[in-house]
Each structure stands twice: as structure tokens, then as C-alpha cells.
Amino acid sequence: MKLDSIDELTRTHYSSDITAELDSKKVTLLGWVQEIRDLGGIRFIILQDRTGTIQVTIPKKKVSAEILTKSDLIQKRYSISIKGIVKETKMSPRGVEVIPKEIRILGTAAAQLPIDITGKTPANIESRLDARSLDLCLEQNVAIFTIQHHALEAIRNVLFKKGFLEVHTPRIIASATEGGAELFAVDYFGKKAFLAQSPQLYKEQLVMSLEKVFEVGPFFRAEESHTRRHLSEFVSVDIEQAFSDARGVMSLLEQVIRQVCYDVNRNCKKELDILNHSLKVPSVPFKSVTYDQVLIDLKKEGSEIEWGEDLSTEALRVLAKIYPEFYFITEWPTISKAFYIKPCKTIPEKCEGFDLMWKWIELVSGGSRIASKKLLIERLKQKELSPKSFEHHLKAFEYGMPPHAGWAIGLERLTMLLTGKQNIREVTLYPRDRTRLTP
RNA sequence: GCCUUGGUAGUAUAGUACGGCCUAGUAUAAGCGGCUGUCGCCCGCUAGACCCGGGUUCGAAUCCCGGCCAAGGCGCCA
């Protein structure tokens with residue numbers, strides 16, 4: 001098919017801008033054909049763009065032959081332009097429709113699409129991800145990523161206002177550092193390198209110079225996790241702050257989370273509605289419980305965990321029934337946390353690390369960091385990590401490392417709670433998991 | 001990595017307990033035709049599928065074995 005030119009074509013309105021006030025006005029719309037309903041003498045084309053849909057109505061006997069011929073060619077998912085007149089009418093879904101004066105076909109699409117884009121026959125997650133570029137056209141998916149955008153905007157706004165600088169640390173690193181998660185190995189000009197699992201060490205070093213930093217970016221974990229809340233590549237929102245401790249960054253975190261919920265509620269009413277999800281703005285401070293208290297609570301519920309152990313998924317599900325949606329777990333056993341988390345002064349078996357839970361999912365983890373090189377080396381050894389492979393990082397602790405603290409939010413997990421989605425892959429544009437590497 | 005469940009047209013499902021009325025049903029999508037107010041439009045027609053390999057049997061979508069793939073749970077991890 002010969003396509004029409006986009007020359008001298010400027011969108012005047014998005015579909016959501018078309019309201020009754022524009023009655024009789026001329027508009028230029030750009031978008032995709034979501035649906036065609038042809039009743040014989042009248043044809044309805046549902047035009048979709050990022051903001052929603054608008055009905056284009058073609059009364060066949062009243063429009064020009066040119067319009068009619070053009071609209072005969074149109075199929076689902078074609079990208080088209082419509083120049084036309086807005087008409088207020090009670091008979092259309094939104095009380096307005098557009099009567100076209102010019103139609104251009106700007107792009108075509110296959111007749112048989114791999115998934116149903118109108119949602120009449122919903123596809124399962126596998127089919128959807130296989131056809132992800134098309135799947136993302138569904139208004140629910142546009143809503144999810146619009147919400148994620150606003151959430152991130154809210155996070156950035158709070159952090160900028162508090163004087164944080166946005167930074168970018170390396171994704172390619174020399175050695176398997178933090179311990180814990182498995183890393184992906186890459187070939188770096190013949191040397192063995194790894195994809196970073198977190199910006200932890202770099203952001204700590206940066207507090208010596210930039211004082212308050214944050215980073216938003218992807219990180220990689222080569223864990224063979226098979227759950228609804230894990231990805232091999234995920235986006236982390238990391239902050240690190242000089243001259244602060246866990247208490248300080250927890251308070252900042254509360255403000256961030258509260259602002260995110262507030263802004264998403266205010267700016268994404270339509271999106272939340274599309275997702276049929278309601279979002280409460282949590283009150284601060286959040287409920288905070290110690291690890292010791294958690295063990296007592298679990299015991300009452302018949303679930304016993306030995307002190308020092310991490311909390312099992314089963315245990316977290318039990319806790320979700322006891323505590324509100326957002327709650328902190330503090331004073332973890334030092335042994336259960338990463339080497340850089342600062343032990344408590346009085347009881348070194350406990351540490352100043354914390355997790356922010358949302359129901360049974362760990363949303364954020366953070367804490368006060370160790371600023372003493374000597375102590376850090378001790379902790380590395382306890383964790384059976386070699387101080388030698390942390391040589392460069394340890395050097396920084398000779399150059400004036402201030403007391404500092406920080407945290408990291410899992411952006412996809414945050415998006416899950418904001419959108420009410422149960423599977424992290426639904427809130428990831430192109431998820432990477434144990435088995436999926438494409439698209 | 002372990003466990004459970006599953007794999008039927010483009011998509012989503014019925015059928016599998018107990019092999020044979022399955023020449024595999026239905027919805028939706030697709031193609032063709034009809035219809036002037038649809039909004040999950042409607043009506044008619046057309047075409048479209050049993051994951052792969054082996055086995056049992058007169059006969060396998062259905063039972064058995066192996067493989068591959070997926071979903072969910074656990075573990076790991078955040």
C-alpha cells in the first residue's frame with residue numbers, strides 16, 4: 001500500500017484533549033486504529049494515542065468519496081491522521097466524536113495480530129511478553145508506565161529539593177564484590193569483568209565528595225530466581241548521604257514514599273482508574289518493628305525462626321497479616337546483612353540496617369554504613385570475602401570517609417504496589433528473567 | 001536448583017477422571033458478504049489447532065516413558 005505523507009501535518013490535540021468545548025472546531029489527530037465498527041451506512045473508527053481514545057465517525061453518505069475510499073483501506077493498528085471537526089453528541093462514548101475531513105494512512109499493520117488489543121480475549125503473560133511491543137499498546141500497560149514515570153518524577157523532585165545530586169556509576173566492574181548475589185560475567189577486552197549488582201561501593205565513595213547522591217539505573221543479578229518479584233535486570237533507585245545515619249535516611253525514605261503515593265494519586269487518576277486500583281497515601285512515620293519483635297510475633301503465629309536467620313517468604317507472608325502495608329524492620333542481626341552495614345555500638349550482634357516492607361515484599365533496604373576501614377576489613381573477613389579484592393574501595397576509607405547512610409528502592413517493586421500488579425514482569429517494559437532474554 | 005500444575009487454531013478456552021459418538025466444540029481475532037448510531041455492535045459464510053520423540057493398543061488429544069517449554073510456589077536473592 002502506498003502510504004500518505006506526514007508533510008505539513010501537526011497534531012493539534014491528543015485524543016483526551018477532545019472535549020465538548022471544542023464542538024465545531026477543526027482538529028488534527030494522530031494515532032492508531034484500535035477498533036473499527038462498520039454498521040453498513042455508518043462506520044466508527046476508534047483512534048488511540050498515548051492519552052486514550054476518541055471516536056471518529058464516518059456517515060458514509062455524508063462524507064466525500066475520497067474519505068470513504070481511504071477509510072475502506074484502514075485496518076487495526078494502522079497509524080493514521082485525522083483532520084476533522086469535533087462534534088458534541090450524546091451518542092458517542094465520551095460525548096464527543098470527530099467527523100473527518102481528511103484521512104491519511106501513515107503506517108500499516110498485519111491483519112492478524114498476535115494478541116487481542118481490545119482486551120476481549122486477554123492473553124496470558126507469556127504470549128503478551130512474546131509480543132511485548134504490541135502488548136504495551138494496551139491502555140492498561142500505558143497506564144502502568146505512565147504511573148511509573150510519575151513515581152520516578154516524584155522521587156527525583158524530593159531528592160533534588162533535598163540537595164541530592166544525580167550520579168552515574170559503572171555497570172561494568174572488575175571483581176565480584178558485595179558477596180551475596182551471583183554476578184553475570186562479561187568479557188572486557190579479554191579480561192574477566194562483571195555486570196554490577198548494585199552501585200553500593202561507588203555511591204559510598206561519592207559521599208566523600210558530593211555528599212548526597214542518588215542514582216537511578218539498572219543492575220544485574222544472576223540468581224536463578226523463579227518468582228513474581230525477581231528479575232535478572234532491575235532498576236534500582238539508590239541514595240547515599242554523608243553525615244547521616246539510618247534514622248536520617250529512613251525519614252527521607254518516608255517522605256519519598258509518601259510523596260510518590262500523593263503525586264501518583266493526584267496526577268494519575270485516569271491511569272489508576274484504568275487499572276481499577278486505588279492507592280492510599282500512607283501516613284508517616286511508618287510503623288517500625290525490630291527484628292527481635294518480628295521473631296516474637298512469628299512465634300505467636302506458630303512460625304519459629306532462629307535468631308540470625310533471614311526471614312523466609314512464609315514468615316513474611318505471616319507478618320503482612322500483622323502489620324500495615326508499609327512497615328520497617330530494624331535492628332537486624334549483623335550476620336544477616338551485607339558487610340558494609342554498621343553494627344550497633346552497644347550490641348554489635350545487631351546492626352543499623354533496615355528493610356522497608358510493603359506487605360510481604362521487601363521494597364527497600366538500607367542502613368547506616370561502616371565508615372571505619374578497620375571495622376570494614378573485619379566484617380569482610382567475617383563474611384569470608386577477601387579484603388584484597390576490595391583494595392580500591394578500602395583506599396577511600398583513608399581519604400576522609402564521613403559517617404554515612406543510604407538505601408535502595410526496587411523501582412519495579414514500587415511500581416507493583418502503585419499499580420496493583422502481582423507480577424513484576426507486568427511492570428517491566430522488557431523483563432529479563434531466568435529464561436527470558438527476548439524480546 | 002527443587003516441587004506442583006499445565007502445553008489443543010493468531011489469542012483464550014472445552015474435551016483428558018474411565019482411550020472409541022472428536023470428522024476435535026466454543027468465544028474472539030482473520031478473510032468474504034450484509035446492515036445508518038455503534039460503544040465487547042449484530043447477522044451469514046470461509047479458512048484455521050491436539051508441544052516434540054518413543055511406547056502400549058484394533059484404535060491415543062486422552063494412558064505410559066523421555067525431552068522441550070511455560071505458569072505458580074519454595075530456595076537463592078533485592
Side-chain angles (χ1 to χ4, degrees), chain A residues 34-47 53-63 75-77 87 89-97 99 109-131 134-135 138 178-183 197-200 218-238 309-317 336-338 353-358 360-367 407-414 416 422-426 433-436:
Chain A
Q34 187 191 54
E35 224 176 334
I36 303 166
R37 287 192 282 271
D38 191 326
L39 275 63
I42 191 165
R43 177 179 287 156
F44 303 101
I45 294 170
I46 309 303
L47 185 73
T53 57
I54 180 74
Q55 175 171 294
V56 177
T57 304
I58 302 169
K60 292 188 188 172
K61 283 186 180 151
K62 290 184 192 163
V63 297
Q75 294 183 1
K76 267 185 203 170
R77 286 304 301 168
K87 198 175 134 194
T89 166
K90 287 210 171 87
M91 292 183 288
S92 81
R94 281 180 35 217
V96 276
E97 62 188 10
I99 311 296
Q112 179 83 75
L113 300 169
I115 57 171
D116 175 10
I117 57 164
T118 64
K120 287 177 211 165
T121 310
N124 61 39
I125 188 79
E126 191 194 1
S127 305
R128 287 178 46 201
L129 291 176
D130 283 343
L134 179 63
D135 181 53
L138 268 70
E178 269 190 61
E182 292 289 315
L183 302 193
Q197 67 173 151
S198 100
Q200 186 61 35
F219 290 96
F220 308 88
R221 307 273 166 100
E223 298 293 336
E224 304 213 359
S225 302
H226 190 92
T227 78
R228 288 180 298 166
R229 61 189 191 285
H230 289 89
L231 293 166
S232 305
E233 176 175 354
F234 68 102
V235 176
S236 179
V237 179
D238 269 85
E309 294 280 295
D310 209 344
L311 304 176
S312 68
T313 306
E314 189 198 355
L316 294 176
R317 287 184 198 271
S336 72
K337 287 287 177 189
F354 65 85
D355 283 357
L356 177 64
M357 305 300 299
W358 182 75
W360 57 280
I361 291 176
E362 186 188 330
L363 184 65
V364 182
S365 90
W407 43 250
I409 306 176
L411 181 63
E412 291 88 353
R413 289 184 178 181
L414 177 65
M416 282 171 81
Q422 304 287 314
N423 190 326
I424 199 163
R425 285 174 287 181
E426 288 208 58
D433 60 35
R434 171 69 188 83
T435 53
R436 184 173 286 277

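Numbered from 1 within each chain, the chains take letters A, B, ... in sequence-line order.
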What integer distance in Å separates A:Asp116:CG from B:A9:C1'?
15 Å
Whole-Å distance separating the CD atom of A:Glu126 from the C1' atom of B:G6
11 Å
Determine whether a donor-acceptor pair (one donor, one acceptor, N or O, separation below 3.5 Å) exists between the side chain of A:Gln55 and the base of B:U38.
yes
Taking any heavy-atom pair under 4.0 Å as a contact, classify A:Pro93: base, sugar-phosphate, or nothing.
base
When rounded to whole Å, the CG to P distance for the pair A:Leu138 and B:A29 reads 14 Å
Can you tell me which stems RNA chain B forms, taking runs of 3 or more consecutive Watson-Crick or G-U pairs with both distances under 3.5 Å?
B:1-7 with B:68-74, B:10-13 with B:25-28, B:30-34 with B:42-46, B:51-55 with B:63-67
Round to the nearest Å and state the distance from A:Ile58 atom CD1 to B:U36 atom P.
15 Å
Need one value for A:Arg43: base, sugar-phosphate or nothing, where a base atom within 4.0 Å counts as base even if backbone is also close, heavy atoms only.
nothing
Side chain of A:Ser225, base of B:C76: donor and acceptor closer than 3.5 Å?
yes
Along RNA chain B (nearest heavy atom to each residue), the more 5'-positioned of A:Glu314 and A:Arg128
A:Arg128
Regarding A:Gln55 and A:Ser92, is there a side-chain donor-to-acceptor distance under 3.5 Å anywhere?
no
What is the nucleic acid contact for A:Arg94, judged by heavy atoms within less than 4.0 Å: base, sugar-phosphate only, or nothing?
nothing
For A:Lys76, report the nucleic acid contact type (base, sugar-phosphate, nothing); a contact means any heavy atom under 4.0 Å.
sugar-phosphate
By the 4.0 Å heavy-atom rule, please label A:Asp135 as base, sugar-phosphate, or nothing.
nothing
Expressed in angstrom and rounded to an integer, what is the separation of A:Leu129 atom CG from B:A70 atom P?
11 Å
Gap between atoms NZ and P, on A:Lys120 and B:A27 respectively (whole Å):
14 Å
Across the strands shown, which category fits A:Ser92 at heavy-atom distances under 4.0 angstrom: base, sugar-phosphate, nothing?
base
State whether A:Arg436 and A:Glu233 are salt-bridged, where the test is any N-O pair (Lys NZ or Arg NE/NH1/NH2 against Asp/Glu carboxylate O) under 4.0 Å.
no
Would you indicate what A:Arg425 reaches in the nucleic acid, counting non-hydrogen atoms under 4.0 angstrom: base, sugar-phosphate, or nothing?
sugar-phosphate
Which part of the nucleic acid does A:Ile125 contact within heavy-atom distance under 4.0 Å: base, sugar-phosphate only, or nothing?
sugar-phosphate
Do any side-chain nitrogens or oxygens of A:Asn124 fall under 4.0 Å of OP1 or OP2 in B:A70?
no
B:A17: syn or anti, with syn meaning chi within 90° of zero?
syn
Qualifying residues under salt bridge (charged side-chain N to carboxylate O under 4.0 Å, His left out), relative to A:Arg228, sequence neighbours excluded:
none
Considering every strand and a 4.0 Å limit on heavy-atom distances, what is the contact class for A:Glu97: base, sugar-phosphate, or nothing?
base
Between A:Ser127 and A:Asp130, do the side chains contain a donor N or O and an acceptor N or O under 3.5 Å apart?
no
Please determine, for the side chain of A:His226, which listed nucleotide (B:C74, B:U36, B:U11) has the closest atom?
B:C74
Just call it for A:Phe219: base, sugar-phosphate, or nothing, with non-hydrogen atoms closer than 4.0 Å on any strand.
nothing
Protein-nucleotide distance (A:Asp433, atom CG; B:C77, atom P), rounded to Å:
19 Å
Tell me the interatomic distance from A:Lys60, atom NZ, to B:G37, atom C1', rounded to whole angstroms.
13 Å
Going by the rule side-chain hydrogen bond (donor to acceptor under 3.5 Å, both in side chains), which residues pair with A:Lys60 if we only count those two or more places apart in sequence or in a different chain?
A:Asp38
